[in-house]
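Right, one structure below, let's go through it.
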Amino acid sequence: MNDVSSITTASDMPKQFVHTAVLLDETVAMLLNIKKLTELELASVSGVYVDATFGRGGHSRRLLEFLDESARLVVFDKDPEAIEVAQKLAAMDSRVQVVHDSFANVAKDLDKLGIGKIDGLMADLGVSSPQLDDGSRGFSFMKDGAVDMRMDTTRGEPVSAWLARVSADELADVLYQFGEERHSRKIARAIKAMDSYDSTLQLAEVIKQAHPNWQKGKHPATQSFQAMRIFINNELGDVDALLEQSIELLATGGRLAVISFHSLEDRRIKQFLQRHSRGYYDEEQHLPIVPARPKYFAKPKRVAPTQTEIHQNPRARSAWLRGAVRSDEPAVL
């Protein structure tokens with residue numbers, strides 16, 4: 001199922017949707033450890049790089065412009081439609097290898113490809129525009145479709161099946177924990193009172209009617225849909241796994257660049273980089289002998305989209321790019 005040597009494709013051609021990559025040049029520049037891409041010549045960079053979330057390939061294609069013929073780029077995605085697009089790119093560019101798997105398994109899958117250390121790892125954690133704009137995927141509360149929400153439609157349980165069996169209390173906990181929804185109990189009871197979970201628009205309407213306090217300019221189902229999507233895809237667990245594996249995978253001087261779109265992910269990335277750029281850990285300070293660990297990352301950075309980009313692509317408004325260089329500097333205790 002997670003075979004990295006032969007990737008199965010969807011039987012139908014992927015639907016054509018426009019996807020604008022967020023923080024495009026900023027992400028590639030961070031990955032290559034420069035301030036602006038104009039500082040680099042095209043096809044001038046060697047090394048092994050990983051795009052953990054290929055999507056429709058915006059960041060990968062931009063990075064490839066700067067990689068020389070000897071470089072390798074391994075791209076990951078859960079989504080079969082994204083994998084089909086990636087395979088077409090790989091068929092035209094021998095530097096590209098494709099893995100249909102969660103980035104939570106990045107170290108294992110790279111090992112299968114004979115790759116140990118890498119020079120750069122990037123990830124865009126947001127749901128792509130094609131996924132949002134295709135009502136049949138179930139991510140949107142603005143277009144009708146099956147209540148699915150799986151990133152990988154070839155495996156796992158759709159949200160509709162989970163809603164049919166979960167208790168109201170368990171559902172409320174998910175809405176609160178992963179959507180930070182303050183009215184989770186009332187919304188959960190309303191959802192569990194539904195006769196079926198076949199329509200995203202019906203589900204969104206039930207949440208809307210149950211929600212006692214709407215935020216201006218924000219659909220009342222936003223946080224609940226986010227929570228169910230994050231839960232069913234184990235998104236936060238996968239992010240934690242990716243970050244931890246980045247320490248093992250990145251060579252000294254290698255770069256990490258990750259884009260997030262909500263506070264739950266951004267907080268994890270921020271705290272991870274802070275902890276591993278200090279070289280010591282609060283929970284270890286009570287030990288008789290504090291273990292000395294190197295500073296795995298140096299000087300974490302955060303970049304926001306420009307107002308111009310937000311104007312051109314409103315979905316960029318909540319994005320944050322964070323990253324750092326793998327340093328291995330001795331910790332100062």
Asp148: partners by side chain to side chain donor-acceptor pair (under 3.5 Å), with sequence neighbours left out = Arg150
Mind running side-chain contact (heavy atoms from CB on, under 4.5 Å) on Ile83 and Gln87 for me, showing each step along the way?
-> CA-CA 6 Å; Ile83 288 298; Gln87 287 181 310; 4.1 Å; yes
Measure from the side-chain N and O atoms of Lys117 to the backbone N and O of Glu248, and report whether any donor-acceptor pair falls under 3.5 Å.
-> yes
Starting at CZ of Phe272, measure out to CD of Glu244 and round the result to the nearest 0.5 Å.
-> 5.0 Å
Counting only heavy atoms not in Lys192, do more than 12 sit closer than 6.0 Å to its NZ atom?
-> yes
Residue pairs passing the side chain to side chain donor-acceptor pair (under 3.5 Å) test where at least one lies in residues 302-314, sequence neighbours excluded | none
Under the 3.5 angstrom rule, does the side chain of Asp77 hit a backbone N or O of Phe54 as a donor-acceptor pair?
-> yes
Pair Glu180 + Arg267: basic N to acidic O under 4.0 Å | yes
Do the non-hydrogen side-chain atoms of Val98 and Leu89 ever get within less than 4.5 Å of each other?
-> no
With sequence neighbours left out, the residues meeting salt bridge (charged side-chain N to carboxylate O under 4.0 Å, His left out) with Asp152 are Arg155
Output, in order, the C-alpha distance, side-chain angles, deciding distance and verdict of side-chain contact (heavy atoms from CB on, under 4.5 Å) for His276 and Lys295.
-> CA-CA 6 Å; His276 291 290; Lys295 296 180 180 179; over 6 Å; no
Min side-chain heavy-atom separation Val99-Lys112 under 4.5 Å = no
Can you see which heavy atom on Thr222 is nearest to which on His219, and at what distance?
-> OG1-O, 2.8 Å
For Ala298, side chain to side chain contact (heavy atoms under 4.5 Å, CB included) partners two or more places apart | Ser327, Glu329
Common cluster, Ile115/Val106, ILVMFWY with side-chain heavy-atom separation under 4.5 Å = yes
Closest heavy-atom pair, Asp238 versus Phe103, reported as atoms and distance to 0.1 Å, is O-CE1, 3.3 Å
Pair Trp162 and Tyr197, ring centroids less than 6.0 Å apart | no
What pairs meet the ring-ring contact (aromatic ring centres under 6.0 Å, His included) rule with one or both residues in residues 64-96, with sequence neighbours excluded?
-> none
Polar side-chain atom of Asp25 near backbone of Lys36 as donor-acceptor pair, under 3.5 Å = no
Do Asp109 and Asn105 get their side chains close enough for a donor-acceptor pair, meaning under 3.5 Å?
-> no
Any pair counted as ring-ring contact (aromatic ring centres under 6.0 Å, His included), so long as it reaches residues 165-190, sequence neighbours left out | His183-His211
So CG of Leu201 and CG of Asp144: to nearest 0.5 Å the spacing works out to 4.0 Å
Going from CG on Asn33 to CE on Met30, what distance comes out if it is rounded to the nearest 0.5 angstrom?
-> 9.5 Å
Between Ser277 (side chain) and Pro300 (backbone), is there a donor-acceptor pair under 3.5 Å?
-> no
Verdict with supporting geometry, Asp119 and Arg255, salt bridge (charged side-chain N to carboxylate O under 4.0 Å, His left out) | CA-CA 6 Å; Asp119 299 285; Arg255 282 78 59 185; 5.6 Å; no
For the atom pair OG1 (Thr200) and CE (Met142), what is the distance rounded to the nearest 0.5 Å?
-> 10.5 Å
Can you list the residues that meet the salt bridge (charged side-chain N to carboxylate O under 4.0 Å, His left out) rule with Arg229, with sequence neighbours excluded?
-> Glu235
Return the set of residues passing salt bridge (charged side-chain N to carboxylate O under 4.0 Å, His left out) with Asp93 (not counting sequence neighbours), or none when no residue passes.
-> Arg95
Note: Phe225 and Phe139 closest approach over all heavy atoms is CD2-O, 3.7 Å
Ile232 and Ile230: same hydrophobic cluster, using ILVMFWY side-chain contacts below 4.5 Å?
-> yes
Listed partners of Arg326 passing salt bridge (charged side-chain N to carboxylate O under 4.0 Å, His left out), at least two apart | Asp328
Rounded distance [0.5 Å steps], CG in Leu175 versus CZ in Arg185 | 9.0 Å
Nearest heavy-atom neighbours spanning Phe261 and Glu265 = N-OE1, 3.7 Å
How about Glu69: does its CD atom have over 12 heavy atoms from other parts shown lying under 6.0 Å from it?
-> no
Under 4.5 Å between any side-chain heavy atoms of Leu73 and Ser60, yes or no?
-> yes
Do Met122 and Leu256 have side-chain heavy atoms sitting under 4.5 Å apart?
-> no
For the student: nearest non-hydrogen atoms of Ala319 and Val22, plus distance = CB-CG1, 3.6 Å
Sub-4.5 Å side-chain heavy-atom contact between Ile118 and Tyr49 | no
Please report the shortest heavy-atom distance between Ala123 and Leu242, naming the atom on each side.
-> CB-CD2, 4.0 Å
Output, in order, the C-alpha distance, side-chain angles, deciding distance and verdict of side-chain contact (heavy atoms from CB on, under 4.5 Å) for Val28 and Leu37.
-> CA-CA 8 Å; Val28 175; Leu37 291 181; 3.8 Å; yes
Are the side chain of Arg317 and the backbone of Pro314 linked by a donor-acceptor contact shorter than 3.5 Å?
-> yes
With sequence neighbours left out, write down each residue that passes side chain to side chain donor-acceptor pair (under 3.5 Å) with Asp169, or none if nothing qualifies.
-> none
Please examine the side chains of Thr27 and Arg62, heavy atoms only from C-beta on, and report whether any two atoms are closer than 4.5 Å.
-> no
Who are the side chain to side chain donor-acceptor pair (under 3.5 Å) partners of Ser246, not counting sequence neighbours?
-> none
Asp51 side chain near Thr53 side chain, heavy-atom distance below 4.5 Å = yes
Tell me, please, which residues at least two apart from Lys208 pass side chain to side chain contact (heavy atoms under 4.5 Å, CB included).
-> Glu205, Trp214, Pro220
Indicate yes or no: at least one non-hydrogen side-chain atom of Leu203 is less than 4.5 angstrom from one of Met228.
-> yes
Should Glu81 and Thr153 be marked as a side-chain contact (heavy atoms from CB on, under 4.5 Å) after you check the CA-CA gap, both sets of side-chain angles, and the distance that decides it?
-> CA-CA 9 Å; Glu81 291 184 359; Thr153 54; over 6 Å; no
Please confirm whether the backbone N or O of Asn233 pairs with a side-chain atom of Lys78, one donor and one acceptor, at under 3.5 Å?
-> yes
Do Glu181 and Ser184 have side-chain atoms, one donor and one acceptor, less than 3.5 Å apart?
-> no
Same apolar cluster: Val325 and Leu249, side chain cutoff 4.5 Å = no
Using a strict cut-off of less than 4.0 Å between a Lys/Arg side-chain nitrogen and an Asp/Glu carboxylate oxygen, indicate whether Lys35 and Glu26 qualify as a salt bridge.
-> no
Is a side-chain donor or acceptor of Gln245 paired with a backbone partner of Ala104 at a separation under 3.5 angstrom?
-> yes
